*Asks:* 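Let me give you the structure first, and then I'll get to my questions.
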Amino acid sequence: MELDKHYLHAEVEQKWYAYWQSKGYFDSKPDQREPYTIVIPPPNVTGVLHMGHMLNNTIQDVLIRKARMEGKNACWVPGTDHASIATEAKVVKMLAEQGIQKKDLSREDFLKHAWDWTHKYGGIILEQLKKLGASCDWKRTRFTMEDDLSQAVNTVFIKMFRDGLIYRGTKMVNWDPKGLTTLSDEEVIYKENIAQLYYIVYPFSEQTKQAISGLSEGLIIATTRPETLMGDVAICVHPDDERYKHLIGQTVLVPIVNREVPIIADDYIDQAFGTGCLKVTPAHDENDYRIGEKHHLEAIDVLTEDGKIHERAGAYAGLDRFACRKQIVKDLEEKGLLSKTEAIKNTIGHSERTDAVIEKKISTQWFVNMQLFMQKHPEVLDHVMDDQIAFHPNKFKNTYKHWLSNIKDWNISRQLWWGHRIPAWYDNQGHMVVAESEAEALLQFQSLNATIQLKDIRQDDDVLDTWFSSWLWPISVFDGFKDSEDFKYYYPTNDLVTGPDIIFFWVARMVMAGYAFTGQKPFSNVYFTGLVRDKQRRKMSKSLGNSPEPLELIAQFGADGTRMGLLLSAPAGNDILYDESQLEQGRNFCNKIWNAYRLIAGLPVHEDALVSAEQLASDKLAHQWFEMKFQLAVNAIHEDFNAFRLSDALMSIYKLIWDDFCSSYLEMVKPPFGQPIAESTLSQAKDHFEALLKLLHPFMPFITEELYHALHDSHPEQPIIVSAYPKPHQTHTLINDLALGIVSEIRNIRNSKGLSPKQSLDIIINTSVSANYQVWEGILRKLANLNQISYNQQKPEHCLTFLISTDECFIPFESQIDQVAEAKKIADEITYLQGFLKSVEAK
RNA sequence: GGGAGCUUAGCUCAGCUGGUUCAGAGCAUCUGCCUUACAAGCAGAGGGUCACUGGUUCGAACCCAGUAGCUCCCACCA
């Protein structure tokens with residue numbers, strides 16, 4: 001049998017993924033075992049796999065595979081999100097390329113196109129996840145727009161409406177002029193910007209000039225948005241401002257449109273900003289809106305839905321808002337009404353989806369009353385703060401708390417077609433009912449007015465915010481609103497793995513939905529991954545071209561290598577700096593493991609069964625030493641898992657395999673070239689190798705499955721994916737000292753004498769002279785403290801004899817736990833005194 | 001403007017309860033090796049005032065205060 005020196009992965013991956021799936025190892029259904037549940041953060045149907053998904057889903061797969069191996073009922077639910085705005089935009093664009101305008105289509109026809117699109121492209125990202133090795137239960141794949149999940153959305157909406165948690169109201173909201181819809185506050189991204197601050201002259205009216213003598217030409221007002229000037233309804237100054245006090249109640253003329261507007265006073269005004277005068281445009285600014293309400297001013301909306309100047313503005317109608325700004329500045333300058341211009345820093349809101357500059361707009365929309373919601377469900381905050389829902393890293397608790405403490409009402413209606421249509425109906429008289437269906441709505445209307453017909457009522461045109469369905473995800477994927485068996489068994493889920501960028505959009509709202517609709521938390525742990533950035537710390541983006549194609553990476557480095565490369569540099573919450581050399585490291589590691597297998601598989605065994613049964617002392621010691629090393633690593637790895645330090649866990653395994661198993665253990669038991677190995681030693685080596693493969697399997701599923709099978713001449717009864725994960729055992733640190741002692745001793749001898757590890761080990765065993773007393777003395781003293789051996793047996797060979805004589809040298813000294821604590825206390829006291837003496841001497 | 005976090009080797013980061021893992025890991029670098037598992041490898045080596053200043057302590061990378069720089073989140077300054 002001739003094996004390639006380099007590990008080839010492509011076929012291996014395909015083979016095992018198909019095998020696992022065909023045997024149903026990803027499948028899950030309720031049974032007697034303890035459940036372990038993860039729901040995938042559903043990617044957008046429009047999405048294609050990017051580096052963020054790779055990282056995120058690798059982590060989930062590691063967690064689910066470990067749980068599966070630990071004998072839990074592991075259930076990982078995949079699915080996709082309908083992504084209202086993003087998908088509608090894609091479909092609109094696709095139709096436009098075919099020469100079809102959305103406005104020429106009926107709602108039904110448009111939705112047909114959207115569904116076609118979804119069926120055609122919607123599953124791509126899930127197929128890509130399979131290449132990564134994601135062991136989702138694909139039979140459970142859900143979609144937020146499918147019937148059952150839409151039904152859940154309806155149920156929740158109606159319940160919340162009846163509980164007074166949802167209301168319809170007219171408020172100032174965020175308007176996306178490109179997406180042609182309103183947005184929630186969370187969907188607005190504020191960006192720093194250098195704006196021009198224009199100082200515009202508003203001439204005094206004739207009346208004012210007559211009333212007050214000695215006035216200058218007009219009031220100078222600073223604004224960054226001259227194009228909203230046609231919507232000005234007042235000028236506002238601070239009531240205590242000495243410069244303008246006498247003008248309050250007088251009027252000025254709005255330039256261009258020459259409308260006469262009053263000068264009013266409000267202490268909201270910052271006297272130090274600009275000239276201390278504010279032009280009040282209630283239709284286009286939140287503060288102006290408040291001032292307008294307070295002073296009973298009209299609101300003139302001068303913009304159209306797509307961000308152009310409206311006819312009612314009286315000038316510049318049809319011009320784009322930014323073109324208008326330029327034009328108006330030019331016109332003012334010509335009229336001599338532009339006093340000066342200066343650059344200032346400010347922030348401007350952009351649409352999260354379309355990146356268009358957001359307009360504030362007064363509009364009638366649907367809202368969730370968040371104040372009331374939080375009053376009813378205080379555990380949403382409390383149980384995150386007391387770690388019943390634990391955040392990793394926990395610094396995000398602060399962010400979470402801050403957001404919830406300042407939460408505003410959630411605008412949930414969107415002026416789109418692709419999404420869950422709001423279950424509200426209106427009649428011609430302006431009445432409204434909220435109902436399960438059109439038929440039920442009609443019944444409700446008829447109870448008020450018997451003559452009303454189906455043709456007299458119409459459903460609300462708007463759909464709901466995508467997150468209004470996403471927040472139900474952990475409940476609805478298990479049909480939680482129908483009280484299903486799956487729901488009772490798998491909910492609450494265990495761990496959620498997601499990015500901190502959607503902590504408000506999604507994580508917080510799932511917690512809300514969990515407590516509000518099930519009375520239970522939706523998950524116990526939230527693991528926040530970092531952003532994947534390039535080497536220069538720039539975000540991955542299409543425009544920068546610094547985002548590698550994930551599937552190409554998998555083809556190049558293998559899914560195992562890619563997974564390892566990503567995980568190695570991804571401590572919880574830290575951004576990961578993508579660097580191809582990390583993936584190389586992953587690939588090289590695969591190769592190292594592959595070659596360890598080649599060694600073990602190729603060793604000749606003693607033909608004489610009797611000789612073969614006998615084991616060299618050095619082999620026995622090497623075996624015991626590695627067992628200790630292994631157990632210590634397993635313990636550390638479990639601790640790392642519990643704290644979600646996955647990269648640390650992986651690094652421990654990496655070092656255990658490379659340094660301890662390959663460089664030390666295999667070198668110790670490897671016979672000289674051409675010589676046979678004892679059967680017993682070989683079988684121990686195989687057992688160790690097998691245990692290592694299990695330990696590694698959650699991280700690198702494919703190569704471990706391949707070698708697990710290859711290691712057995714006949715196929716094992718169970719594949720590694722469902723084998724038992726190595727368990728932690730209690731040990732004591734002095735065992736660690738012991739393990740370290742042996743290795744450092746071997747190294748000393750090797751270096752000084754130029755011998756092989758095996759020869760060095762023999763020397764340690766056979767001579768006491770060459771051994772380093774210092775290394776052993778400490779260990780002996782500690783062992784003496786534990787009554788394991790008497791202190792006067794202070795010789796290395798005694799220590800070794802003792803070690804070899806006991807088969808349980810790494811098994812916990814259960815009976816000596818108290819003594820261990822005692823010994824530690826004494827040791828602490830000695831160190832204290834030593835430190836104390838040292839510092840006294842120094843003085 | 002408010003809040004949170006970070007600063008340890010060339011890079012990315014560990015360092016948990018102050019003292020035997022205390023100055024660490026991986027990668028990168030340098031020097032020797034194509035040695036019969038593996039050059040995608042092996043054997044070695046170098047490299048740090050733990051941001052700065054003070055304080056607490058017998059003892060500080062770790063606790064406290066201040067300073068500087070960076071990052072993120074939130075916020076209605078026209």
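Computed from a prediction, not measured in an experiment: that's the story for all the values here. A note on names: the letters A, B, ... follow the listed sequences, proteins ahead of strands, and every chain is numbered from 1.
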*Asks:* Does D575(A) use its side chain to pair, donor to acceptor, with the backbone of L531(A) at less than 3.5 Å?
*Replies:* yes

*Asks:* Within this structure, what is the NE2-to-C1' distance between H238(A) and A78(B), rounded to whole angstrom?
*Replies:*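 Checked: the NE2 to C1' distance equals 15 Å.
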
*Asks:* Say whether N635(A) and Q631(A), considering side chains only, have a donor N or O and an acceptor N or O under 3.5 Å apart.
*Replies:*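 The criterion, which ignores hydrogens and geometry beyond distance, is satisfied for Q631(A) and N635(A).
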
*Asks:* Nearest whole angstrom, please: distance from the C1' of C74(B) to the CG of D501(A).
*Replies:*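 In whole Å, C74(B) C1' and D501(A) CG are 15 Å from each other.
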
*Asks:* Using a 4.0 Å heavy-atom cut-off, does N287(A) contact any base of the nucleic acid, only the sugar-phosphate backbone, or nothing at all?
*Replies:* base

*Asks:* Counting only side-chain N and O atoms of W403(A), is one of them less than 4.0 Å from OP1 or OP2 of G2(B)?
*Replies:*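 Checking W403(A) against G2(B): no side-chain N or O falls below 4.0 Å of OP1 or OP2.
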
*Asks:* Between H688(A) and F661(A), is the ring centre distance below 6.0 Å?
*Replies:*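 That pair fails the under 6.0 Å test.
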
*Asks:* Would you mind telling me which of C27(B), C77(B), A40(B) lies closest to the side-chain atoms of H6(A)?
*Replies:*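 Nearest to the side-chain atoms of H6(A), counting from C-beta on, is A40(B).
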
*Asks:* Figure out the NZ/C1' separation between K670(A) and C42(B), and round it to whole Å.
*Replies:* 10 Å

*Asks:* So what stems show up for RNA chain B if we need 3 or more Watson-Crick or G-U pairs in a row, all under 3.5 Å?
*Replies:* B:1-7 with B:68-74, B:10-13 with B:24-27, B:29-33 with B:41-45, B:51-55 with B:63-67

*Asks:* For D640(A) and A25(B), give me the distance from atom CG to atom P, rounded to whole Å.
*Replies:*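 Atom-to-atom, D640(A) to A25(B), this comes out as 17 Å.
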
*Asks:* So R290(A), base contact, sugar-phosphate only, or nothing? Heavy-atom distance under 4.0 Å.
*Replies:*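 Base contact - R290(A) has a heavy atom under 4.0 Å of at least one base atom.
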
*Asks:* Mind checking the NE2-CZ spacing from H238(A) to R243(A)? Nearest 0.5 Å is all I need.
*Replies:* 11.0 Å

*Asks:* Counting heavy atoms from C-beta on, name the nucleotide in A78(B), U12(B), A37(B) closest to the side chain of L577(A).
*Replies:* U12(B)

*Asks:* For a quick check of understanding: with a heavy-atom distance under 4.0 Å over all strands, which category does C590(A) fall into, base, sugar-phosphate or nothing?
*Replies:* nothing

*Asks:* To the side chain of K655(A), which of G26(B), A40(B), A78(B) is closest?
*Replies:* G26(B)

*Asks:* Let me know the distance between CH2 of W594(A) and C1' of C38(B), rounded to the nearest Å.
*Replies:* 12 Å

*Asks:* What is the distance, to the nearest angstrom, from the CZ atom on R598(A) to the P atom on C38(B)?
*Replies:*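 Between P of C38(B) and CZ of R598(A): 5 Å.
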
*Asks:* Does K592(A) put a side-chain nitrogen or oxygen below 4.0 Å from OP1 or OP2 of C38(B)?
*Replies:*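 So the side chain of K592(A) is outside the cut-off, no N or O lying under 4.0 Å from OP1 or OP2 of C38(B).
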
*Asks:* Please figure out whether D579(A) or N595(A) has its closest RNA chain B nucleotide nearer the 5' end.
*Replies:*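 So the residue in question is D579(A).
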
*Asks:* Assign each of A596(A) and G274(A) to its nearest nucleotide of RNA chain B by heavy atoms, then name whichever residue's nucleotide is nearer the 5' end.
*Replies:* A596(A)

*Asks:* For U21(B), does the O4'-C1'-N9-C4 (purine) or O4'-C1'-N1-C2 (pyrimidine) torsion place it in syn, i.e. within 90° of 0, or in anti?
*Replies:*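 Base orientation relative to the sugar is syn.
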
*Asks:* With a 6.0 Å cut-off on ring centres, are F391(A) and F396(A) close enough?
*Replies:* no

*Asks:* Given atom NE2 of H402(A) and atom C1' of G1(B), what is their separation to the nearest angstrom?
*Replies:* 11 Å

*Asks:* When we call it a touch if two heavy atoms are under 4.0 Å apart, what does Y289(A) touch: a base, just sugar-phosphate, or nothing?
*Replies:*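 If one applies the 4.0 Å heavy-atom cut-off, Y289(A) turns out to touch nothing in the nucleic acid.
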
*Asks:* Between the side-chain atoms of Q585(A) and the base atoms of A28(B), is any donor-acceptor pair under 3.5 Å?
*Replies:*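 Looking at the base of A28(B), it does not pair with any donor or acceptor on the side chain of Q585(A) (distance under 3.5 Å).
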
*Asks:* Got a second to check how far N411(A)'s CG is from S184(A)'s OG, nearest 0.5 Å?
*Replies:*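 Interatomic distance, N411(A) CG to S184(A) OG, rounded to 0.5 Å: 7.0 Å.
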
*Asks:* Could you check whether the rings of W594(A) and Y7(A) sit parallel, tilted or perpendicular, using 30° and 60° as the cut-offs?
*Replies:*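 Tilted.
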
*Asks:* Looking at residues 264-271 of chain A, who's got a heavy atom less than 4.0 Å off RNA chain B?
*Replies:*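 Under 4.0 Å from RNA chain B: Y268(A), I269(A), D270(A).
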
*Asks:* Tell me whether the centres of the aromatic rings in Y527(A) and H392(A) are closer together than 6.0 Å.
*Replies:* no

*Asks:* With distance as the sole test, does T347(A) use its side chain to make a donor-acceptor pair with the main-chain N or O of K191(A) at under 3.5 Å?
*Replies:*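 No: the side chain of T347(A) does not pair with the backbone of K191(A).
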
*Asks:* Return the CG to NZ distance between L303(A) and K360(A), rounded to the nearest 0.5 Å.
*Replies:*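 Reported value, rounded in 0.5 Å steps: 14.5 Å.
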
*Asks:* In whole Å, measure the gap between the C1' atoms of G24(B) and A14(B) for me.
*Replies:* 7 Å

*Asks:* Please list, by residue number, the residues of residues 184-192 of chain A whose heavy atoms come closer than 4.0 Å to an atom of RNA chain B; answer none if no residue qualifies.
*Replies:* none

*Asks:* So, does T223(A) use its side chain to make a donor-acceptor pair with the main chain of R225(A) at under 3.5 Å?
*Replies:* yes

*Asks:* Under 4.0 Å between a side-chain N/O of K5(A) and OP1 or OP2 of A39(B), yes or no?
*Replies:* yes

*Asks:* Taking only side-chain nitrogens and oxygens of N346(A), does any of them come within less than 4.0 Å of OP1 or OP2 of C77(B)?
*Replies:* no

*Asks:* Let me know the distance between CG of L278(A) and C1' of C77(B), rounded to the nearest Å.
*Replies:*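 To the nearest whole Å, that distance equals 9 Å.
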
*Asks:* Can you tell me which nucleotide in A25(B), C77(B), A40(B) comes closest to the side chain of T347(A)?
*Replies:* C77(B)

*Asks:* When you check the phosphate oxygens OP1 and OP2 of C76(B), does a side-chain N or O of K408(A) lie under 4.0 Å from one of them?
*Replies:*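 Looking at the OP1 and OP2 atoms of C76(B), one of them is under 4.0 Å from a side-chain N or O of K408(A).
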
*Asks:* Could you measure the distance from the OG1 atom of T399(A) to the NZ atom of K401(A)? Nearest 0.5 Å is fine.
*Replies:* 12.0 Å

*Asks:* Look at the side-chain N and O atoms of K395(A) and state whether any lies under 4.0 Å from the OP1 or OP2 oxygen of C72(B).
*Replies:*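 No, outside the criterion.
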
*Asks:* To the nearest 0.5 Å, what is the distance between CG (D285(A)) and NZ (K361(A))?
*Replies:*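 That separation rounds to 15.0 Å.
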
*Asks:* Give me the distance, rounded to whole Å, that separates C74(B) from A28(B) when you measure between the P atoms they each carry.
*Replies:* 38 Å

*Asks:* Looking at D288(A) and K279(A), is any side-chain nitrogen of the basic one under 4.0 Å from a carboxylate oxygen of the acidic one?
*Replies:*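 Between D288(A) and K279(A) there is no salt bridge, as every charged N stays at least 4.0 Å from the carboxylate O atoms.
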
*Asks:* What's the closest nucleotide to the S663(A) side chain, out of C38(B), C42(B), C73(B)?
*Replies:*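 The answer is C42(B), which lies nearest to the side chain.
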
